[in-house]
> 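Would you mind keeping the following structure in view while I ask a few things?
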Amino acid sequence: MRNNRRVITAISALALTGVGLAACGGGDGGSGSGSGSDGTLRLGLGEPQNLIPANIQETEGGEIADRLYAGLYTYDMEGNLAPVLADGVPTTEDNKVWTIKLQEGFTFQNGEEITAETFVKSWNYTVYGENANYGAGFFKQIDGWAEMQLGEDPDGDGPEEAAKPEATELSGVKAVDPLTLEVTLAEPWVGFPVTLGYTAFMPMADECLADIDACNETPIGNGPYKIDGKWNHNSSIHMEKWADYKGTQPSIERIEYKIYTGDATAWPDFEAGKIDIAAPGAEEYEVAKAEYGDAMREEETGQTWGLGFPVYDEKFSDPNVRKAFSMAIDRQGYIDGLFQGRYTVANSYTPAVIPGYLEGTCGEACTFDPEAAKQLLADTDFPMDQPVELWVNSGPGEDYLKVLGDQLAANLGITYELKTLEWPDFLGKKDGHELTGPFLTGWSPDYPLNQNYLEPLYGNGPDGNDFGFHGEEFEQLLAEGNRAETLSDAMTKYQEAEKVLAADLPVAPIWVTRTATVIGENVDPDSFQRNPILGTIDINSLKLL
Amino acid sequence: MTVELDRQGSHNGYVEGLPGYRDDAPLLEVEDLQVEFHTRDGVARAVNGVDFSLRAGETLAVVGESGSGKSVTAQAIMGILEEPPARVAGGEIRFRGVDLLKLSAERRRRIRANHVAMVFQDALSALNPVWTVGFQLGELFRKHRGMSRKDARRRAVELLDMVRIPAAAQRVDEYPHQFSGGMRQRVMIAMALALDPEVLIADEPTTALDVTVQAQIMRLLSDIQAERHMGLILITHDLGVVADVADDITVMYAGRAVEQANVRDTFASPAHPYTKALLRSIPRLDVKGQRLEVIAGLPPVLTDIPPGCAFAPRCGYAQDVCRTERPPLSTVTAGRSAACHFASEVMTDDVN
Amino acid sequence: MSSDINERVVEGIDEERERPQRAAGLWRDAIRDLRKRPTVIISLLIILVVLAIGFFPSLFTDVDPKACDISRNKAPAEPGHPFGFSHEGCDYFAQTVYGAGPSVQLSLMVVTGTLIVGGLFGILAGFYGGWVDVLFSRAVDVFNSIPFLLGAILLLTMFRDIQMPFVGARLQAIIPAVITLIIFGWTSTMRLVRASVIEARNLDYVHAARSLGASNARLMFRHILPNAVAPVVSLIPLSIAGMISVEATLSFLGLGVRKPEITWGLMIDDATKWFVNGYPMLLIIPSAFLIATVLAFVLLGDAIRDALDPKLR
Amino acid sequence: MGRYVIRRLLQAVLTLFFVLFLLHYLLSLAIQVNGNPARTFFGDKPATPEQIAAVEAKFGTDDPCLDRLGDPCLGMFQQRMADWMTLDFGTNFDGYAVTDEIVRAVPPTLILFAISTSVWVLFGVTTGVLAAMKRGRFFDYLVRAGTTFTVAVPTFLLLVITQQLVGVSLGNWARDTFGRESVLGIVFQPSYDDRYPFLSLLVPGILLGAFGIAGITRLSRTSMLENLRADFVRTAKAKGLTSRRVTIVHTLRNSLIPVITLVGFTLADALGGTVITEGIYSIPGMGGLAYNATRENDLPVVIAIVAILSVCFMVVTLLIDLLYAVLDPRIRYE
């Protein structure tokens, strides 16, 4: 299942994967003992789409990449940049040209050395338009990106092919010497280093680039683990510790992922003792909590959900209408009732785990007050006689939106209709401003910076945004943040932008996902921690009993 | 000749060891046979006290409309009634003095085909469509005589030959549906005769056939009967056939025998109005220009046979007594009996 | 009639197919037979109740099934709410009552549709034979070769956003599923009708009617159809039962009728995971209703089939 | 016989062609109505038209006909059929060869079907036949009640409940008692285990067999009943054969003929059942592949799967017809 293709399922995907969907795998040679004693960690996972860093886009692939690959940087538990292959943080004079130093001696698992040139080649491959890599978008701010993309299609979707990209190399990326990489941005941006922990920036071996398809089946990594055998699609991925890894060596010798297909989850297998760490689903949560108690860990994530408004639609163009809708939502009741209270009420646009988080930016608008909401709505021109159309893509989100609709109907006195679309149709209509009512929308972080929750979603880039939202002051503050000298200055500006945004309320934030993870008896529960940004288990600290 | 070979077969004398066996007892005697069917509409008395006896070399015709109980009687004798819903409620069926109804199922099974065999009316449905004729014939030898497949097949060819099927050696491997109606009935007869039984029951053996073929089959049957000195029970509603081949006749109505006599006497002067009506309903070559009569009305519902004479509602001779009192089957003249209050009057056609 | 019984009882072996002349007697017998069976009576009662609930839910509850309060999620039964509340905080009794409607209406519409389409095609194919028959029979092959589920997914996702004029929200919710099920369901009816029509076509009385100059339409609908109808009739309750189950299965797969409409299938889908996690009643209640309804239709269908074909009893 | 087979094969090829075209048209229509799946590659993230164009090219959904509602996209169909002639079945949206995907998915589903078919044949037919032999007795009522109930209980309900009760509860007991790798510990588990494909598919296979078993049991029973009353069975009894021989040689074979047809059709219908079974037990088989591909409008995969299924369906019907002819000589000589 491609969880990422259904936004909504992504919630469960994060919950599950991060947590390790659960898996049983099984020792080769028929180990008669239970898991754990043989130094093997058994986890569950959904089927990844791709194992090439350039193309990894969902949590499943991210989980595997996190084990097999090492990037320049990763994010620590507080969301700060932590060097892995790099030697120290990037340096810059003007926030436009960035210099990244590499540590010496790192190699790929096939013996190839990792140098600055490796990154140049990997990134060129990732960005080149015809390769249609998902990761290409993360390089947008680097100079020369546009020239690497396909040219304009002369007749839209007509029979003629779009023009080939003008360039085959990213002009903004240079290997100054084997251990020095120089990146030039199109515009100065102090936040650039923060993005470098993302999977798309991970290096790929020459051998891999020469035959990407083969590499996808049997990845050539450079991380703490290497693949054992190959990717058994829909079935399993096994990996073992790579002794020659120069970074921190983890304690677990072997990891076996069992892949779950369809809507199946690892939970029953966890209960059957066949995998070591798993996430209970919403329905299993209460029972799991009662049964496993201390072995259950709950952690905040960076995934936020809210009710988006079609600001472009006349009915919802009045901020007071949006505010009334938002105030009519009993967020705590909603979370308690639908999610057994395991999620956190969102009262800001940025979640708490992200640097730059500011509490309560949504303020009064995110406070449940049905009387005031009703009054507020009555004072607008909102047509009460027509049913409000609520839009969602098919999947579990239908339930989430239905319960929201129930609350809105009860507290505002409106009636609602649920409009369910298939995912591509939903995305298309959202892009094209064709949704005629509020819709469910969620966001997971690409990099730990509050700007990631603002500019990509509500900014007015070349394609506008899904909400049809225009905020002069908001744009202004974002731009100031981008041009700031230091990261903390930038964050402050972004926070100001968030406050301005909250006053206009293009989205009513509702909840921030929290994961629940149950740790099996073979794993030391005190060694368990989950990286809130990556969503993955910190494998370096994890210990088996 | 096969016949002699068979007589020396190991089977002979199976029945001799059974309780009640007497060499000099009549070949087959049926006494007060009663068969009921338990249906959801109630208990239907399909056979309600039938008596007759059969001697070796003799042909007994059993006639009556459909539903009169003649087929059920035959199946009761064979022991192939479907139980339930059927149940033999009383009476005896004695073969050479052995009461078949008292035998265990296994003994009963061994009597079948060995001593008493049956020819069914519609050979197409009575033969298993998915096995070859040779298999179905040979099976008898293999299962009753323990012969090898090869020997059984050889005997099957001989049997087919005996019933005058041309090119028997080739046709033995064909399936029933590849035979014509007459040929199929010959196969059926061959099957019944395979183990050389003393009693052969033929249940309307020619109804499904063309008239010309009917005659051939009847001739074959009577030839073989004469040759082997078998007792033959011929169940039919074709009185024309009866006149040609039968010695005695039992006329059945609503589960009872209503008249029993020598065929010639019966045809000359029926002693029961029903027999009379039956005789009138067959076309006769010797009486021209006369309308054929049909019997008015329907036979009674077997779950609810009226008191008195069952034929009374349809009987032109019926009096009050007929509707209240059931006439027993009683001797009218020597060797003749009828179940009618006015048997002698009917016989002399002297009723108002 | 009496002779019928005699023949059946006495010969005991009557394998004969119902002859057209006997069709009337057959039905009379069948109905007489059906009236005597307790299972038929009970099934009919259940079916009547379910139909009543399905078409007039408001007679059975005053509670609005769509007035849900999430704070009462999975709350136990209390006065006025005999079945408690769903995981979305909706009154479960009202949901169960209103959930009957789409299930029942959908299955009735599908069965009617397949009977009309399949029956018509079957008559045409069986009666005219030749290229008409070839055409329809090939079409049956084609539809049989497309796995029902794949076809259903495609059609249901395509129809989802199509707005139908003059149709209420409730019908709007079930019509895509109805159309899909008809498209993939008509083939079996068609084959059955075709076979019966071919059999009936060659009967003497049809030849007689033809020689008397009866028109094709008259032959088809007045002479052949009534005699081809028996095998189809006993299938109707069974098809309805099947469709109710199919609706539940489609809902389980996230296809079929969508929220906020209520069907038993959706309720069961929502409740399956709660069953093993402390709230078994959420699953048991709609399942019990569904199973009882399906059971009633199956038993009725069986009884009709037995009555029409007594030897199978 | 030979001519009959050839005629059937020609018919099958023609049907297959229509099936493929119909499906191609439906899928094209689905894309035209629901939007190009290439857009989903970027999820909620904004993407430039150029980026989307590149992904459309990668997905093979860049034909402009997919933007025109109702266009049958004949060119695409022609191209696909031409590719197929060269045994090129294309790649799915993730760039993997469709052939590989299907080859991987076939074995578990095949095992699943093998188990279910055994259930139908061994359990369904046997109980049906026994019920017919004991007509009107307790066993018969039990079987009739049982089959009626199986029809009424949706398969998925059975699967979800069994997974928990058998896979987890009973399985944990078995694993504690007999050991983790014991046969029972593996048989009673909540999901597919690729180290023990057969054992771990036993329970889901049996449950999939529950789908359609009612029909087979009932048909076996009626068919047996009908034949038990057949004239030729009476003849066999009159031949003094033992009741065992009467049943086995003279009734069973005749009764199995219609049952075999039904087993074939049930097998074809059971694909729906596999989707659910495979989904709940996480079996990487054809049902799940077909289901996901259809939901994602993954054209190359869906068309290829349906082609395979159609061919299977046709082969199965052909085999059934041949088997029919073997069992029933009346047909053989027509």
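Note: hydrogens, waters and symmetry copies are ignored here, and every other heavy atom, side chains too, is used. Just so we're on the same page: letters track the sequence lines, and every chain starts at 1.
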> With rounding to the nearest 0.5 Å, note down the distance linking CG in N277(C) to CD in Q164(D).
7.0 Å
> To the nearest 0.5 angstrom, please state how far the CG atom of L253(C) sits from the CD1 atom of I276(D).
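Here the interatomic distance stands at 4.5 Å.
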> Calculate, to the nearest 0.5 Å, the distance between atoms CG and CZ belonging to L165(D) and F275(C) respectively.
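The distance works out to 6.5 Å.
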> If I measure from the heavy atoms of chain D, does D302(C) come under 4.5 Å with its side chain, its backbone, both, or neither?
side chain
> Take atom CZ in F18(D); do more than 12 heavy atoms of anything else shown fall under 6.0 Å from it?
no
> Tell me, for F149(D) versus chain C, whether the close heavy atoms (under 4.5 Å) come from the side chain, the backbone, both or neither.
both
> Checking heavy atoms, do the side chain of I280(D), its backbone, both or neither come under 4.5 Å from chain C?
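The answer is the side chain of I280(D).
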> Would you say OH of Y141(D) has more than 12 non-hydrogen atoms from neighbouring residues, nucleotides or ligands within 6.0 angstrom?
no
> Highest number of heavy-atom pairs under 4.5 Å with chain C: which of C312(D), A12(D), A293(D), A290(D)?
A290(D)
> Over all heavy atoms of both residues, which pair between S145(C) and S310(D) is shortest? Give the atoms and the distance, please.
O-OG, 3.4 Å
> A248(C) versus chain D, heavy atoms under 4.5 Å apart: side chain, backbone, both or neither?
both
> About how many Å separate CD1 of I268(C) and CZ of F156(D), when rounded to the nearest 0.5 Å?
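Separation between the atoms: 5.0 Å.
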> Measure V160(D) against the heavy atoms of chain C and call it side chain, backbone, both or neither at under 4.5 Å.
side chain
> Please look at L290(C) and chain D and tell me whether the side chain, the backbone, both or neither of the residue comes under 4.5 angstrom of a heavy atom of that chain.
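L290(C) touches chain D through side-chain heavy atoms alone.
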> Looking at CG of L309(D) and CD1 of I146(C), how far apart are the two atoms once the value is rounded to the nearest 0.5 Å?
11.0 Å
> Counting only non-hydrogen atoms closer than 4.5 Å, does L26(D) touch chain C with its backbone (N, CA, C, O), its side chain (CB onward), both, or neither?
both
> Does any backbone or side-chain atom of T249(C) lie under 4.5 Å from a heavy atom of chain D? Answer side chain, backbone, both or neither.
both
> Under 4.5 Å from any heavy atom of chain C, what part of L157(D) do you find: side chain, backbone, both or neither?
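It is the side chain, since no backbone atom gets that close.
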> Examine whether an atom of L238(C) lies under 4.5 Å from a heavy atom of chain D, and if so say whether it belongs to the side chain, the backbone or both; otherwise answer neither.
neither
> Taking every heavy-atom pair that is under 4.5 Å apart, which of L299(C), V294(C), T293(C) has the most such pairs with chain D?
V294(C)
